[in-house]
Number of protein chains: 2
Amino acid sequence: MGIVRKTKALSTVLQIFEEKNEAKSVVHLIELVKDKMNKTTVYRILDRLEQDGTIHSFNGKDGLKWYAKCEGCSANHHSDKHPHFQCTKCDKVECLPLEIKIPSIKNHKVDSTDILLIGQCEVCSM
Amino acid sequence: MGIVRKTKALSTVLQIFEEKNEAKSVVHLIELVKDKMNKTTVYRILDRLEQDGTIHSFNGKDGLKWYAKCEGCSANHHSDKHPHFQCTKCDKVECLPLEIKIPSIKNHKVDSTDILLIGQCEVCSM
DNA sequence: TCTAATTTTGCAACTCAATTGCATTAACAA
DNA sequence: TTGTTAATGCAATTGAGTTGCAAAATTAGA
């Protein structure tokens, strides 16, 4: 069960994802809202939003957890198979609107993929 | 600078990677050698071996750091672009001898990739 | 609108992987 | 064998993420 009640803390977090379609690390999110709510609350809201399929999570290059808004996902179906790109200079993460073909692997059942491309983003590669 | 001196602790760790070509999490490695050396030593040896290109590291599905022996890598060139597969049931990780085609991304420079496939391995999918 | 049920939050304490500083020990070149 | 310095052990620390519990906020129903 995900979101049940609409609270102030919830809309604060939701707004961050809605005003700019950009991935955010949990650490950064906590920093952004630190005057408005406790870090535990941030973790719990993110959990609930992910259960509802509103956002999806993935691991950044340093092992930190990141979240981004889902496009066309729901609680029962999560199409978070798209790859992410993280810049080594500015650390920003982008969701890439690409399908990456994963060849099937003998005797293995692949449920999900976690693909992170690491390099220099548009701004930092100039 | 990677490995300079050949110590007992070093060969203990190296032997683990050599006797079985299997990825290991740092946590598991520390457990394996806990009677022979300090965990700090394990972390430092892994660092040095990675700098030399003897092993490569990647993040497992739970954010833990894993290491595996490199095939055809050196200190200056690291061909760790191969994907890894982690089983949701037994947690084991395999290095997959596959090339995954990454389409080039406009105005981005991709230096490396971090691809983790998650599912059930040969043993656990039966 | 008021009340009761229950979800959500804040706070403090905790877990656990990973790192750091420093004194001691071990490797090895000369 | 000795001196240099890399490597190690140990204790303390960092930082992300989690947990338990009491207090506060939301919401459904009267």
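Below, read A as the first sequence line, B as the second, and so on, with proteins coming before strands; counting in each chain starts at 1.
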Original post:
Can any side-chain N or O of B:Gln86 pair as donor or acceptor with the backbone N or O of B:Asp91 at less than 3.5 Å?
Top reply: yes
**OP:** Looking only at non-hydrogen atoms, find the nearest pair between B:Pro103 and A:Leu98 and report the distance.
**Re:** CG-CD1, 3.8 Å
Subject >> Non-neighbouring partners of B:Lys92 that pass side-chain hydrogen bond (donor to acceptor under 3.5 Å, both in side chains), sequence neighbours left out >> reply: none
Original post:
Counting only N and O atoms by type, is there a donor-acceptor contact under 3.5 Å from the side chain of B:Asn38 to the main-chain atoms of B:Thr40?
Top reply: yes
Original post:
Are the side chain of B:Ser11 and the backbone of B:Thr7 linked by a donor-acceptor contact shorter than 3.5 Å?
Top reply: yes
Original post:
Can you list every pair that meets salt bridge (Lys or Arg N to Asp or Glu O under 4.0 Å) and has a residue in residues 94-104 of chain A, with sequence neighbours left out?
Top reply: none
Subject >> All side-chain hydrogen bond (donor to acceptor under 3.5 Å, both in side chains) counterparts of A:Lys34, not counting sequence neighbours >> reply: A:Glu31
Subject >> All pairs passing ring pair (Phe, Tyr, Trp, His ring centres under 6.0 Å) where residues 87-113 of chain B contributes a residue, at least two apart >> reply: A:Phe85-B:His108
**OP:** List for me each residue that meets salt bridge (Lys or Arg N to Asp or Glu O under 4.0 Å) alongside A:Lys69, sequence neighbours excluded, and say none if there are none.
**Re:** none
Subject >> Boundaries of the DNA chain C segment in contact with chain B, non-hydrogen, under 4.0 Å >> reply: C:dA17 to C:dC28
**OP:** Starting at the 5' end of nucleotides 18-30 of chain D, put B wherever the base has a protein heavy atom under 4.0 Å, S where only the sugar-phosphate does, and a dash everywhere else.
**Re:** BBB----BBS---
Subject >> Stretch residues 25-34 of chain B: residues that reach within less than 4.0 Å of DNA chain D through a heavy atom >> reply: none
Original post:
Can you list the residues that meet the side-chain hydrogen bond (donor to acceptor under 3.5 Å, both in side chains) rule with A:Glu18, with sequence neighbours excluded?
Top reply: none
**OP:** For B:Asp111, check side-chain hydrogen bond (donor to acceptor under 3.5 Å, both in side chains) against everything at least two apart and list the hits.
**Re:** A:Gln120, B:Lys109
Original post:
According to the ring pair (Phe, Tyr, Trp, His ring centres under 6.0 Å) rule, which pairs have a member within residues 9-31 of chain A, sequence neighbours left out?
Top reply: none
**OP:** With axes from five pairs an end, tell me the bend angle of the helix from C:dT1-D:dA30 to C:dA30-D:dT1, nearest 10°.
**Re:** 30°
